[in-house]
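Each chain gets a letter, A, B and so on, in the order its sequence line appears, and its residues count up from 1. Only this structure's heavy atoms are used, side chains among them; waters, hydrogens and symmetry mates stay out.
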Number of protein chains: 2
Amino acid sequence: MAAKTPTMKDVARLAGVSVQTVSCVVNGTGSISTRTRQRVLRAIDELNYRPDPIARSMRTRQTRLIGLLVLDITNPVHSVIAEAVESAAHANGYKVILYNVSNSPERERESLEAVAEGLVDGLVIVNSVDRERTLRFLAEEEILSVLIDCQSDFSVPTVMVDNVRAGYVATEHLIRLGHRRIAHISGSAPMIISQQRLEGYRRALADHGLTYERVVYLMKASWDWDFASGYRAMRELLEGDPRPTAVFAASDQMAIGAYRAIVEAGLRIPQDISVVGFDDIEAAAYATPPLTTIRQPFTDMAASAVATLLRLMDGQRAEETLHILPFELVVRGSTAEAPQ
Amino acid sequence: MAAKTPTMKDVARLAGVSVQTVSCVVNGTGSISTRTRQRVLRAIDELNYRPDPIARSMRTRQTRLIGLLVLDITNPVHSVIAEAVESAAHANGYKVILYNVSNSPERERESLEAVAEGLVDGLVIVNSVDRERTLRFLAEEEILSVLIDCQSDFSVPTVMVDNVRAGYVATEHLIRLGHRRIAHISGSAPMIISQQRLEGYRRALADHGLTYERVVYLMKASWDWDFASGYRAMRELLEGDPRPTAVFAASDQMAIGAYRAIVEAGLRIPQDISVVGFDDIEAAAYATPPLTTIRQPFTDMAASAVATLLRLMDGQRAEETLHILPFELVVRGSTAEAPQ
DNA sequence: ACCGCAAAAGTGAACGTTCAATTGAACGTT
DNA sequence: AACGTTCAATTGAACGTTCACTTTTGCGGT
């Protein structure tokens, strides 16, 4: 019984015109008399015809699909970016194929391999486990792509905030509150954004003549950036002597993980220890106390990335290869004057 | 210059065989002598040939793509499910197209419309803004699909936990701690899971002869389930007199939002008010205090959904249409004996 | 009347793959 | 030596569109 899905041929037959005419009506190309257009449209409606995207892609050699290669979709930062990418893509008639790397180099390789099959017209990459390899692969396979939070040496356009500056501002905020012993919980060590935020932290300390520098590096990629690693890092910091009066964490999730360690140690935020995060995820405002953090314009970043990618796919070379968007320090209740 | 991507024809020419032979080698079908297979493989390697997925789909009439229609990817529950769906799909050689509904009926309709174009072989739906319409559409367009957290009256397979029972267990946990005034922050009212969790709450009260019943319903879909709505709901509850000594929130996000309202009111958790959440998202364990909650087996749910969908796409009718997976009460520091 | 020209519609091929049918060769059996 | 069977490989068509051309129609100007 199951009525086979109708094709253009069926529509053409019913409307008494050629297949090509139907195609023109559907795509709004060529010139069609109003009379026949009506007939065709009625036929389309009657059969509930929908053009086959596969056949169309076959012919046009483009799929109107973009890939979204994301380090870890369960990370709130990434899921917010994913939402915005999907939204921007949708607004431009593109669909999104989700490649979730799950923090695994293996999965990243597989995903890139899958992308190289040519199913997608372009690729948005949100961070990367193995940056060098990824960039090499993109170049070799000539995959049109745009990076978010993962800078390129070559010609792949990148969207980021100025992470060095942001790290500087976050740290300086603590310094201005009188803190002299400020620690830093760094993100995954090989990642550019970790390095840049760390660099900003260091520069701020240096510019203000502070010599106390304590950094916890996180090495296991699969643990990085999340609650658990922030928790473990903070415990490590609390064992140090003298212990810091303030901490700048490279992500909000790690900051909130650090909260846990601080509270467990019987210390109070911000009376005993001030905490600054990074990202301003939704949970930051609802943490106890609300988290002071650096707000990244994730939606704008994603929109900008998609816009750039669309331009690239349109054949235009990117004019500017590095798009820097503004961040913002959001002061909440997790930071206060340094204790005496 | 840009070397056009090679096709089977190129491989065939180089290897000195027919196109069909190449096809057989690539797909491992038919019988090919080891000698020619070697030759073909070498040619494939030399040209860096990759089969064109579009052309393949054109012929086979299947895309090895599944759609993931998700209410709101920024919701941690949904992003965890998305991760698991993508992972399970990947493991079975499928790719995932992400349709993010963003809590909007409009977007849900558009996404379903897009799915109906026939790009995907099947669809996983994680909750729905307009359940009735969605189910009707699926039936009309004969879209193979599986639901998560969104029950069907008809024949669409569904994966869920027993939300009534879970709501009951969560409430009973509070009752056992001696609480007599227990409020409930409900999720989006039209959603099945909201209704079921509420039902469980009510039954537990009834079974234990408690008459204090206070429910905050959230109506605006775009606000539901998140921190902000939990916060607002809790403020409302705190204005009531007598105020509850315990709250069961229909999601962890709302529970954590409620935390904020409780702390702002100068009350302590759990000494003054106990809180139970639902879902056991990662943040629950790192909240201050750690949140007692109902753990849902999201990864299993997603895996089960994908497995069912694959079976469906394989032409097998679903044997069981409702898959109920086990939940678990996780007791943490947000619940304690009722104050005197 | 005739020509020219634009608008409207049609035709056949092509996109890269797989399917169904077929050929050719190799080999053992009677 | 003729025959059937299996294995190896080939051939031509088809999947549903769109593209590049061609044909037909209609219409105004000289």
Dot-bracket, 5' to 3', for DNA chain C please: Watson-Crick or G-U pairs under 3.5 Å, [ ] where pairs cross earlier ones, | where the partner sits on another strand, dots elsewhere. ||||||||||||||||||||||||||||||
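- In this view, B/Ile324 and B/Asp162, B/Leu322 satisfy the side-chain contact (heavy atoms from CB on, under 4.5 Å) rule, not counting sequence neighbours.
- With sequence neighbours excluded, no residue forms a salt bridge (Lys or Arg N to Asp or Glu O under 4.0 Å) with A/Glu46.
- Summarising the geometry, the separation between CZ on A/Arg13 and P on D/dG16 is reported as 12 Å, rounded to the nearest angstrom.
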Show the atom names and distances, to 0.1 Å, of all donor-acceptor pairs under 3.5 Å that link a side chain in residues 8-18 of chain B to residues at least two apart or in another chain.
{"unit_1": "B/Asp10", "atom_1": "OD2", "unit_2": "B/Thr7", "atom_2": "N", "d": "2.8"}
{"unit_1": "B/Ser18", "atom_1": "OG", "unit_2": "B/Thr21", "atom_2": "N", "d": "3.3"}
{"unit_1": "B/Ser18", "atom_1": "OG", "unit_2": "B/Thr21", "atom_2": "OG1", "d": "3.0"}

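- Residues meeting the salt bridge (Lys or Arg N to Asp or Glu O under 4.0 Å) test with A/Arg107, sequence neighbours left out: B/Glu86.
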A correct 5'-to-3' footprint of nucleotides 6-15 of chain D, with B, S and - meaning base, sugar-phosphate only and no protein heavy atom under 4.0 Å, is -SBSBB-BBB
Which side-chain N or O atoms in residues 63-73 of chain A pair as donor and acceptor under 3.5 Å with protein atoms at least two apart or in another chain?
{"unit_1": "A/Thr63", "atom_1": "OG1", "unit_2": "A/Leu65", "atom_2": "N", "d": "3.3"}
{"unit_1": "A/Thr63", "atom_1": "OG1", "unit_2": "A/Leu119", "atom_2": "O", "d": "2.7"}
{"unit_1": "A/Thr63", "atom_1": "OG1", "unit_2": "A/Asp121", "atom_2": "OD1", "d": "3.2"}
{"unit_1": "A/Arg64", "atom_1": "NE", "unit_2": "A/Gly93", "atom_2": "O", "d": "3.2"}
{"unit_1": "A/Arg64", "atom_1": "NH2", "unit_2": "A/Asn92", "atom_2": "O", "d": "3.1"}
{"unit_1": "A/Asp72", "atom_1": "OD1", "unit_2": "A/Thr74", "atom_2": "N", "d": "3.0"}
{"unit_1": "A/Asp72", "atom_1": "OD1", "unit_2": "A/Thr74", "atom_2": "OG1", "d": "2.8"}
{"unit_1": "A/Asp72", "atom_1": "OD2", "unit_2": "A/Thr74", "atom_2": "OG1", "d": "3.2"}

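- Using modelled atom types, one side-chain atom of A/Ser57 and one backbone atom of A/Gln62 make a donor-acceptor pair closer than 3.5 Å.
- Distance, B/Arg50 CZ to C/dT17 C1': 17 Å, rounded to whole Å.
- Between B/Glu117 atom CD and D/dG16 atom C1' there is a gap of 14 Å when expressed in whole angstrom units.
- Atom CD1 in A/Ile54 sits roughly 15 Å away from atom P in C/dG16 (whole-Å rounding).
- Remark: A/Arg133 engages A/Pro105, A/Glu108, A/Arg109, A/Asp130, A/Arg136 in a side-chain contact (heavy atoms from CB on, under 4.5 Å) (not counting sequence neighbours).
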Distance-only criterion, 3.5 Å: show the donor-acceptor pairs between side-chain atoms of residues 22-30 of chain B and protein atoms not counting sequence neighbours.
{"unit_1": "B/Ser23", "atom_1": "OG", "unit_2": "B/Asn27", "atom_2": "ND2", "d": "3.4"}
{"unit_1": "B/Asn27", "atom_1": "OD1", "unit_2": "B/Arg56", "atom_2": "NH2", "d": "3.2"}
{"unit_1": "B/Asn27", "atom_1": "ND2", "unit_2": "B/Ser23", "atom_2": "O", "d": "2.9"}

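- As rounded to whole Å, 11 Å separates atom C1' of C/dA9 from atom CZ of A/Arg39.
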